[in-house]
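This report concerns only the one structure given below.
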There are 2 protein chains.
Amino acid sequence: MDSELRLTIARLARRMRQERAEADLGPSQLGVLIALAVRGPQTLGELSTHERVTAPSMNRTVNLLEASGLLARAASPFDGRKVIIDLTDAGHALVDETKRRRDAWFAERLSSLSDHERAVLDAALPVLRKLAEE
Amino acid sequence: MDSELRLTIARLARRMRQERAEADLGPSQLGVLIALAVRGPQTLGELSTHERVTAPSMNRTVNLLEASGLLARAASPFDGRKVIIDLTDAGHALVDETKRRRDAWFAERLSSLSDHERAVLDAALPVLRKLAEE
DNA sequence: GCTAACGAATTAGCTTGGCTAAAGACTGGG
DNA sequence: CCCAGTCTTTAGCCAAGCTAATTCGTTAGC
C-alpha cells in the first residue's frame with residue numbers, strides 16, 4: 001500500500017523524465033539552468049550542493065553551458081575564491097521555452113482527468129511537497 | 001499550480017532514487033534489475049524498449065550486470081537470434097534489498113505526516129496511477 | 001606581517017551509460 | 001537456397017558522474 005504509492009510516484013516521474021527532448025541538452029544541463037532560473041545567481045559550490053553533485057562534476061557541466069552561451073561566470077566581489085554563475089539572456093529564453101513545453105505536456109495529461117480528480121491532486125500537492133522536503 | 005505539482009513529483013522521485021542497495025550500481029543498472037524482477041525474464045529488445053533506451057545501450061548495461069553475476073543470458077529456444085535475460089539469485093537479492101530500503105525510507109517520510117495527510121495521499125493514489133499510465 | 005592551514009574552483013583521469021553506424025547471427029518467404 | 005528482414009553485438013563518439021590532486025585566495029596563529 002505505502003509501497004504502492006511510492007512505486008506509482010516513481011513510475012510517473014519516470015514517464016515525465018522520458019518526456020524530455022526540446023533542446024539538445026542533457027537533463028543535467030537543463031537542471032542547472034532551471035536551478036539558476038528558480039534560485040537566482042549562485043556560486044559553483046551552491047549549485048553543486050543543490051544538484052547533489054560533486055564540485056568537479058558541476059564545474060564540467062557549467063563549462064559546457066558556458067561554451068553554449070547559456071550562462072556566464074563572474075568573480076565574486078567579496079571573496080576572490082568564489083565564482084558567481086548566472087544565466088545569460090539565451091539561458092533564460094531556453095528555460096522559459098522548456099518550462100512552457102513541459103507544462104503543456106503535463107497539462108495534457110491532466111486534461112484526461114475529471115474535475116474531481118484534479119481537485120484530489122490539488123489537495124495532495126502540499127502533502128507531496130512536504131514529503132519531498134530535504 | 002499544475003507545474004508546481006509536476007516539479008514536486010519530480011523532486012520527490014529524485015530524492016527516492018538516491019535510496020539504493022549498498023552495491024555500487026548506477027541507476028540504469030538498477031532499473032534493469034527492477035524491470036526484470038517486476039516483469040520477469042525478457043529479451044534484450046524487450047528490455048531496451050521498456051527502458052526506452054537503444055539496444056546497444058541496453059546491451060552494454062546488461063554486459064556489466066552479467067559480469068557482476070546479477071543476471072544471466074540464455075539463448076531463446078524458439079528463435080536463435082533472441083537472448084533471454086533473467087536475474088540470478090544474487091540479482092534477486094539485490095533488488096529485494098533495494099526495495100526494502102526504499103520502502104523503509106518512504107515509510108519514514110510518511111510517518112511525519114498526520115492521519116489526515118495520509119488520507120489525502122491515499123485518495124490521490126488512484127489519480128496518480130492514472131496519470132502514470134502509458 | 002608571515003606563514004600555515006583552510007576553502008573554493010579547477011584539472012586530470014577513470015567509469016557508466018546515452019547515441020549512431022555497421023557488422024554478425026539467425027529466420028522465413030519465395 | 002537465397003534474400004530481405006530482425007535481433008544482438010561491436011566500435012567509437014560524447015555527456016556526466018566520481019576521486020585525487022592542484023591552484024589560488026582567505027583567514028588565523030604567532
Quiz item: Rounded to the Å, how far apart are A:Leu64 CG and D:dA16 P?
Solution: 6 Å
Quiz prompt | Length of the CG-C1' vector between B:Leu25 and C:dG17, whole Å | solution = 13 Å
Quiz item: Any donor-acceptor pair under 3.5 Å between the side chain of A:Arg81 and the base of D:dT26?
Solution: no
Self-check item: B:Arg60 side chain, from C-beta outward: closest of D:dT9, C:dC19, C:dA8
Solution: C:dC19
Quiz item: When hydrophobic residues are tied together by side-chain contacts of less than 4.5 Å, even through go-betweens, does B:Leu33 share a cluster with B:Leu64?
Solution: no
Quiz item: Does B:Thr54 place a side-chain N or O at less than 4.0 Å from the phosphate oxygens OP1/OP2 of C:dG18?
Solution: no
Quiz item: Closest nucleotide of DNA chain D for A:Phe78 versus for A:Ser28: which of these residues is on the 5' side?
Solution: A:Ser28
Quiz item: Where each residue is assigned the nucleotide of DNA chain C containing its nearest heavy atom, which of B:Gln29 and A:Thr43 is assigned the position nearer the 5′ end?
Solution: A:Thr43
Quiz item: Do the side-chain N or O atoms of B:Asn59 get closer than 4.0 angstrom to the phosphate oxygens (OP1, OP2) of D:dT8?
Solution: no
Quiz item: With a 4.0 Å cut-off, would you call A:Glu46 and A:Arg39 a salt bridge?
Solution: no
Quiz item: Distance check: side-chain N/O of A:Ser76 vs OP1/OP2 of C:dA8, anything under 4.0 Å?
Solution: no
Quiz prompt | Of A:Gly80 and A:Met58, the one whose closest DNA chain D nucleotide lies more 5' | solution = A:Met58
Quiz item: Hey, mind stepping through B:Asn63 and B:Arg73 against side-chain contact (heavy atoms from CB on, under 4.5 Å) and telling me if it holds?
Solution: CA-CA 9 Å; B:Asn63 284 342; B:Arg73 282 176 161 97; 3.0 Å; yes
Quiz item: Quick one: do B:Ile84 and B:Leu65 end up in the same hydrophobic cluster if we chain Ile, Leu, Val, Met, Phe, Trp and Tyr together by side-chain heavy atoms under 4.5 Å apart?
Solution: no
Quiz prompt | Nearest-angstrom distance from the residue atom NZ of A:Lys82 to P of D:dT26 | solution = 11 Å
Practice problem: Please tell me which of A:Pro56 and B:Ser57 maps to the more 5' nucleotide of DNA chain C, matching each residue to the nucleotide holding its nearest heavy atom. | Solution: A:Pro56
Practice problem: For the pair A:Leu25 and A:Leu70, evaluate side-chain contact (heavy atoms from CB on, under 4.5 Å) and give the outcome as yes or no after the intermediate values. | Solution: CA-CA 11 Å; A:Leu25 294 180; A:Leu70 296 170; 4.0 Å; yes
Exercise. Whole angstrom is fine here: how far is it from CG in B:Asp79 over to C1' in C:dC26?
Key: 7 Å
Practice problem: Starting from C1' on C:dA25, measure out to CZ on B:Arg73 and report it in whole angstrom. | Solution: 14 Å
Self-check item: A:Leu65 CG to D:dA16 C1', straight-line distance once rounded to whole Å
Solution: 12 Å
Quiz item: Whole-Å distance between D:dC7 C1' and B:His50 NE2?
Solution: 19 Å
Quiz prompt | Nearest-Å distance for atom pair CG/C1', residues B:Leu30 and C:dT16 | solution = 14 Å
